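Proteins get letters first, then strands, A, B, ... in listed order; numbering begins at 1 in each. Values below: every heavy atom of this structure, side chains too, minus hydrogens, waters and symmetry copies. The model shown is predicted, which means the values in this text are computed figures rather than measured ones.
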There are 2 protein chains.
Amino acid sequence: MTVTLADVAARAGVSAATVSRVLNGNYPVATATRSRVLRAVDELEYVVNGPASSLAAASSDLVGVLVNDIADPFFGIIAGAVQDTIGPVTETPGHGRKLAVICNTGGSPERELTYLTLLQRQRAAAVVLTGSGTEDPAHQDALATRLRRLSAGGVRVVLCGRPAPSSGDATSGRGVATRAGSNGAAHTGGPGYGEPDDGDGTARPVTVPLDNEGGARALTEHLLALGHRRIGYLAGPDHRSTTRHRLAGHRAALADAGLEPPPERLVLHGPFDRDTGYSGALRLLEEEPGLTAIAAANDTVALGVCAALRDRGLRVPEDVSVTGFDDLPFAADVAPGLTTVRLPLREAGTAAGRVALGLEDPKDGLVPATPARLVARDSTAAPRA
Amino acid sequence: MTVTLADVAARAGVSAATVSRVLNGNYPVATATRSRVLRAVDELEYVVNGPASSLAAASSDLVGVLVNDIADPFFGIIAGAVQDTIGPVTETPGHGRKLAVICNTGGSPERELTYLTLLQRQRAAAVVLTGSGTEDPAHQDALATRLRRLSAGGVRVVLCGRPAPSSGDATSGRGVATRAGSNGAAHTGGPGYGEPDDGDGTARPVTVPLDNEGGARALTEHLLALGHRRIGYLAGPDHRSTTRHRLAGHRAALADAGLEPPPERLVLHGPFDRDTGYSGALRLLEEEPGLTAIAAANDTVALGVCAALRDRGLRVPEDVSVTGFDDLPFAADVAPGLTTVRLPLREAGTAAGRVALGLEDPKDGLVPATPARLVARDSTAAPRA
DNA sequence: AACGGCGTAGAAAGCGCTTACCATCCTTGC
DNA sequence: GCAAGGATGGTAAGCGCTTTCTACGCCGTT
């Protein structure tokens, strides 16, 4: 029924080995033979059997990309860039036949693990983890283990915009483990997975950093410079690295300005969606009617904040300033234009893709970071006197 | 190095066949044996070799999802829904281990074909094509051929929000072929691929319709009802099914109202991005200063339109009304709220996923359509008297 | 003229799994 | 108490490809 290598070989009057060699181009084949084979391939409309070659060659053309929410342009942009890099466009010989498998974890650590297993099972060539990671010790441990196993199996692991999971490494006793919470040292890939040389020469995971902390700091500094002192902060979901890093930047800016850390009631957590912004803003306003600015975890959240303020009859930025994060495409076009921070998402995705292809392999496991850039638009202004 | 079926078998004191049967659960195995095997799997941390089983079983767990632009939430939502449906969550026995491969075509027909070949090569279980298709006859032919070949190979083909490509079927002489352009008959899966029974019992592609035409018609009717008569139309990219269907709806509404078809200069084409909206609006305003409304191909385009109008000092909706399409999440939160049409994207993605899994198979190859719903917000109002 | 090399191509041994097709063994029915 | 039959489990033949090892010419050397 289906055409196989052998059929092509027969038609071209050569052996299957030769056909394989022509198709993979990693062995000298005389030009005449080659074209004869190619013609046969064409005439028979032969299509390689991927599973068979993956089995024989013990490797596959799949690259897994894990995202929290594919419907969120934040991830769409990263995933798109990864795919553009490894996809069929790239005509780096040997590459370009790779397929990106985008996996939607919905932010669930369990699903993340499940997908990782599924990818391991498919013998994926590489795995890219994007977005924020949980900071729950148990899950970090499980994740670290899984990733270690993947690396051991020759799967390249890339962490895009998230730190390497730390693990309470079983072999070195228990105890010291997972210390999450402090600021700073964001993407240096803490203790645990990645740190100690595993002995055999398995590749270590590579981190493509995203400067969440610096971006958040810049945003808060901007607000402070405008004269704001009572700032509400709508952080992302709790126990997530991104949330913590952005919050850390916010706090750092306050500290640098010699101000008190923000009171608990002015820091609310919630998912990265418009409702968090909408209800969060209302709540913040209740807690602190004198609020002059609200920093949102995200552009989408910021949009919800603006809607809430509008519904409350407050003007942006005259009554309350609002900031976002990510600089998604719509941020420039909403009214007023959203002051936010532009994260180099495409660049990060491209870098992640290159690492996944093995085109790049920073010796310290860290791709140099492109800094986040403050984009001041019209949603922020000095508070009314 | 890596653990194989045989290792597990040895450890459990059974044959490889038994282990395979336990893992696939499609053959009776005594409970005691089963748990012994499961324990061995656990202890050895065994992970199935996907390629090997795909080869042996002549089928794989991959489902391809082709999208035009993964960074566009329109596709993100659909793709996410597809994935949620076929992904590891679904615990329909036998399913749930499937992986969605999201492929970003960038709207390029060539890439679309390349991906389709890649998927065929991976022996994907199903392929879902989303978004608008080209209406270029040559590409439609190529696409039809490729899809026919996929179906013949047992790959389930699902068209989500796009018509089946028509082909100037080579066997029936040349000539009649591709008649694109007329309105109506949107998703009925025209002539060409899909229509005639191919003889052997290969599955026919299933279409999950999206009511682009009806939505566009509703939007224009809304505008007409408000009293608008000079309406500019910013259509999507030329020669794409979605563009044509939406435009057809617009025209139909005009015709129903007994009005002239829109003059050429008031219908501009461009990609589905904010720039098309921005520059398109400016251009439209030049062409027809008396314009009272602009219908955009898309919410994103509409956002660009609003930005341009604002920059021109025109108010929405007082001076010019604006409509979008898709009702992406941000449409509700921008100011003024965007009047648009809500397309049941999640529903469509879910349906596509179910068909891809073979859970559903409408006999006429057409999943019943959920209608598009007009969402009137504040970006439209009666024109000034 | 004989020989080592190089450039090509073929033979064949798997890769790790699935799945007929059998071989047991323990029930049952009578 | 014995044969028939169901319930389990094993055997082994591939699935279609890659790749090592080998074979064969033909060339340039010495």
Query - Counterpart residues, side-chain hydrogen bond (donor to acceptor under 3.5 Å, both in side chains), relative to Ser20(A) (two or more places apart) - result: Asn24(A)

Report summary line: Residues passing the side-chain hydrogen bond (donor to acceptor under 3.5 Å, both in side chains) test with Arg146(B), sequence neighbours excluded, are Thr117(B), Gln120(B)

Whole-Å distance between [N] [atom2] and [X] [atom1]?
X         : N       : atom1 : atom2 : result
Asn24(A)  : dT19(D) : CG    : P     : 7 Å
Arg123(A) : dT18(D) : CZ    : P     : 18 Å
Gln122(A) : dC15(C) : CD    : P     : 20 Å
Asn26(A)  : dT19(D) : CG    : C1'   : 9 Å
Leu55(A)  : dT19(D) : CG    : C1'   : 13 Å
Leu5(A)   : dC15(D) : CG    : P     : 13 Å
Asn49(A)  : dC15(D) : CG    : P     : 12 Å

I'd like to check the side-chain contact (heavy atoms from CB on, under 4.5 Å) partners of [X]; sequence neighbours left out, ordered by chain and number.
X         : result
Ala17(B)  : Ser15(B), Arg21(B)
Ser53(A)  : Val48(A)
Ser59(A)  : Ala57(A)
Val206(B) : Val355(B), Asp361(B), Pro362(B), Val367(B)

Requested in this report: Assign a letter to each nucleotide of nucleotides 21-28 of chain D from its 5' end: B, base within under 4.0 Å of a protein heavy atom; S, sugar-phosphate only; -, no contact.
Outcome: --------

**Report entry** Where Leu66(B) and Leu119(B) come nearest, the two heavy atoms and their spacing
**Finding:**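 In this case the closest contact between Leu66(B) and Leu119(B) is CD1-CD1, 3.7 Å.
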
Query raised in the report: Looking only at heavy atoms, what is the nearest atom pair of Val208(A) and Ala351(A), with distance?
Result: CG1-CB, 4.2 Å

Requested in this report: Take Val48(A) and Gly13(B), find for each the nucleotide of DNA chain D with the closest heavy atom, and name the residue whose nucleotide sits nearer the 5' end.
Outcome: Gly13(B)

**Report entry** Interface residues of residues 29-38 of chain A with DNA chain D (non-hydrogen, below 4.0 angstrom)
**Finding:**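 Residues of residues 29-38 of chain A that come under 4.0 Å of DNA chain D do not exist, since none gets that close.
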
**Report entry** Qualifying salt bridge (charged side-chain N to carboxylate O under 4.0 Å, His left out) pairs with a residue from residues 41-53 of chain B, counting only residues at least two apart or across chains
**Finding:** Arg149(A)-Glu45(B), Arg11(B)-Glu43(B)

Report task. State whether Thr18(A) places a side-chain N or O below 4.0 Å from either non-bridging phosphate oxygen (OP1 or OP2) of dG10(C). Result ->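 Result: yes.
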
